[in-house]
Amino acid sequence: MQLVSVRRLLRQKVIIAGMRRTHPRFSGDLMNNIVEFRNVSRIYKVGDHEQKALDRVDLSLQSGRMIVILGPSGAGKSTLLNLLGGLDSPTSGTITVDGQDISKLSGDELARYRASKVGFVFQSYNLIPTLTVRENVALVSEISKDHLDPDKMLSDVGLSDHGRKFPSELSGGEQQRVSIARALAKNPQILLCDEPTGALDYHTSKDILDLIDRVNRKYGNTVLMVTHNEALSAMADRVVRLRDGGIISDERNRERKSVMDIEW
Ligand code: ADP
């Protein structure tokens with residue numbers, strides 16, 4: 001190989017390594033995975049019966065990726081999200097997030113973990129009806145040290161002019177935008193979305209999914225999105241399918257499709 005092309009190759013490697021250090025979307029490639037599930041089970045006791053909501057799951061996730069979780073009802077999708085979100089703890093196994101084992105944390109420690117590391121977006125927007133839109137978003141600044149500016153977040157979701165309104169004065173799509181702004185205002189490393197468009201019509205769903213796609217690219221949060229909608233696998237970097245508490249497939253997409261180009 002000629003010296004000049006060896007030099008060019010080396011320079012490219014240095015540039016890519018630099019990007020990986022500075023841009024969260026790349027950090028998982030060089031550093032540790034942000035999320036590691038090792039042999040994780042969550043078993044519910046219902047009378048004499050044991051319900052295995054998750055059954056010995058192993059899963060490693062790289063930072064900054066968009067991961068879509070698919071599976072039929074009862075497959076264990078919400079259980080997986082709740083465990084990663086620190087809303088629940090596994091019966092056995094370990095869950096490591098950004099180097100911290102969260103599987104055996106106390107209630108207070110889990111609350112601190114939730115406040116600093118994860119943002120939640122649910123199908124029901126869970127806004128506080130007696131607070132204005134801005135107050136709903138600003139609320140997280142009281143629990144999160146590294147919070148972002150609420151007005152900037154409202155601007156990012158296209159609601160700068162709605163800050164003084166109450167949630168009841170907004171459409172469903174607008175309320176979901178507020179809940180996304182609220183989740184992002186914590187500046188979370190992980191954004192968990194559980195059927196975020198379950199209550200929305202087709203076009204509003206597309207707008208919300210497009211927004212989630214754009215915030216993932218802009219802020220580099222690792223996004224896990226649970227959905228029933230197979231078509232949404234095309235917008236992901238990675239598609240994990242669950243059934244009966246186990247992972248039945250785990251695929252990486254070479255390219256992410258724009259939400260606006262996906263039909264269902
Ligand atoms: P999905 O989100 O894929 O619909 P879930 O994670 O909600 O699935 O549930 C997985 C399984 O665990 C289901 O069989 C469900 O009935 C059971 N399960 C979930 N939560 C509880 C609970 N609190 N008590 C008993 N069983 C539960």
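Every number for a ligand or one of its atoms is a count from 1 in the order of the listing.
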Quick one: side-chain contact (heavy atoms from CB on, under 4.5 Å) partners of Thr227, sequence neighbours excluded?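 Here the qualifying residues are Val68, Leu70, Glu195, Asn229, Leu232.
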
Salt bridge check, [Y] against [X]: does any charged N sit closer than 4.0 Å to a carboxylate O?
| X | Y | answer |
| --- | --- | --- |
| Arg114 | Glu109 | no |
| Glu230 | Arg241 | yes |
| Asp213 | Arg256 | yes |

Sequence neighbours excluded, the answer for salt bridge (Lys or Arg N to Asp or Glu O under 4.0 Å) partners of Arg56 is none

I'd like the residue list for ligand 1, meaning every protein residue with a non-hydrogen atom under 4.0 Å from the ligand.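 Contacts of ligand 1 under 4.0 Å: Tyr44, Val46, Gln51, Ala53, Pro72, Ser73, Gly74, Ala75, Gly76, Lys77, Ser78, Thr79.
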
Return each pair, listed once, that meets ring-ring contact (aromatic ring centres under 6.0 Å, His included) where at least one residue sits in residues 157-191; pairs must be two or more places apart or across chains.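 Listed once each, the pairs would be none.
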
